[in-house]
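Below: one structure, written as structure tokens.
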Amino acid sequence: MDVINDKSEAQILLDEQRRKNSKIILIPTMGNLHDGHLSLIELAREHADYVVVSIFINPTQFTDNKDFDNYPRTLESDIEKLSLANVSLLFLPDCSCIYPYGIDHAAKVIIPEMSNDLCGKVRPGHFEGVTSIVLRLFNIIKPDFSIFGQKDFQQKLLIEWMTTDLSLGINIIGAPIIREDNGLAMSSRNQHLSSTAKLTAAKLYETLIEASGSIRDRKIGFASIQRETEERLIGYGFFVDYISIRSSIDLSIPDKDAKKLIILASVIIEDVRLIDNIIIG
Ligand code: PAF
């Protein structure tokens, strides 16, 4: 595995691959890699010959400086995992490589409405930071494909939106959510949970499964399902940012006969924000 910090050096290797007609796939990450990330690498191999993983803890998507400072930095073990997984290139830029004019003078990608809904409402500015960094990475690596996990469903949808809207010509692949044995969706944040909170956290998925059953049954309306689900989550001890049934096509509010749906939740336990979702239909 090549480990490269400099964008021009990375581009020399990537151009070489293009000359050989290799398909290039990019998996953007912020490091602290777990089995969920490793599953993205496996999926990547089904689509492309040359797998690039980037690790960059992007300051502009953090809405809280403390959160940025506390973000786990585990570079040594990340490099070990990636080289065992036979990744072709680890791109490890620093802030001046990504934001040459500095963060305060950086160009931004803003997708109105969808960026400010759901997770964007509870973390204002977060998605602006995400779309902006992903476009920068796309422009440096120029991949044929890129992969985003379905756990961050709104993020994945925004990246697809940006890719289509700006005609980037990159295929975006959605990867299934990887869960712990108890159902908790894998996330770098899980390590901040105490063992008691981990048990409670598993109730999130259990509750979403029950709610998705009620959505399929259609015996009660979406508003009642949302209210009951929220009450149940509060009863378990979660603070609920939101619980929402939406169209899985564009996250709009669905009418009662809509078929392609998703139930999404963001909750907080022990100061740790957890998100999860289930796609229905
Ligand atoms: O999902 C993440 O880890 C980040 O939001 C991403 C896509 C790597 C952008 O920094």
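Both counts, for ligands and for their atoms, begin at 1 and track the order of listing. Below, each value reflects all heavy atoms present in this structure, side chains not excepted, and no hydrogens, waters or symmetry copies.
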Original post:
Looking at Ile133, which atoms of ligand 1 are within less than 4.0 Å of one of its heavy atoms?
Top reply: 9 (C), 10 (O)
Original post:
With atoms numbered from 1 as shown, which atoms in ligand 1 lie under 4.0 angstrom from a non-hydrogen atom of Pro28?
Top reply: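 Ligand 1 atoms under the 4.0 Å threshold to Pro28: 8 (C).
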Original post:
Do we see a donor-acceptor contact under 3.5 Å between the side chains of Ser187 and Arg189?
Top reply: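 There is no such pair between these side chains.
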Subject >> Pairs satisfying ring-ring contact (aromatic ring centres under 6.0 Å, His included), at least one member in residues 53-103, at least two apart >> reply: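 Residue pairs passing ring-ring contact (aromatic ring centres under 6.0 Å, His included), neighbours aside: Phe62-Phe68, Phe62-Tyr71.
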Subject >> Name of the residue among Asn32, Ile79, Leu90, Val3 meeting side-chain contact (heavy atoms from CB on, under 4.5 Å) with Ile55 >> reply: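 Among Asn32, Ile79, Leu90, Val3, the one meeting side-chain contact (heavy atoms from CB on, under 4.5 Å) with Ile55 is Leu90.
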Original post:
Parallel, tilted or perpendicular: which describes the rings of His37 and His34, with under 30° parallel and over 60° perpendicular?
Top reply: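 Aromatic pair His37/His34 classed tilted.
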**OP:** Could you name the option among Lys151, Arg136, Gln61 that has the heavy atom nearest to atom 6 (C) of ligand 1?
**Re:** Gln61
Original post:
Where is the nearest protein heavy atom to atom 1 (O) of ligand 1: which residue, which atom, and how far?
Top reply: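 For atom 1 (O) of ligand 1, the nearest protein heavy atom comes out as Gln155 NE2, 2.9 Å.
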Original post:
How close does the nearest protein non-hydrogen atom get to atom 3 (O) of ligand 1, and which residue and atom is it?
Top reply: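 Going atom by atom, the protein heavy atom closest to atom 3 (O) of ligand 1 ends up being Met30 CG, 3.8 Å.
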Subject >> Nearest non-hydrogen partners of Ile140 and Gln11, listed with the distance >> reply: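 Here Ile140 and Gln11 meet closest at O-NE2, 3.1 Å.
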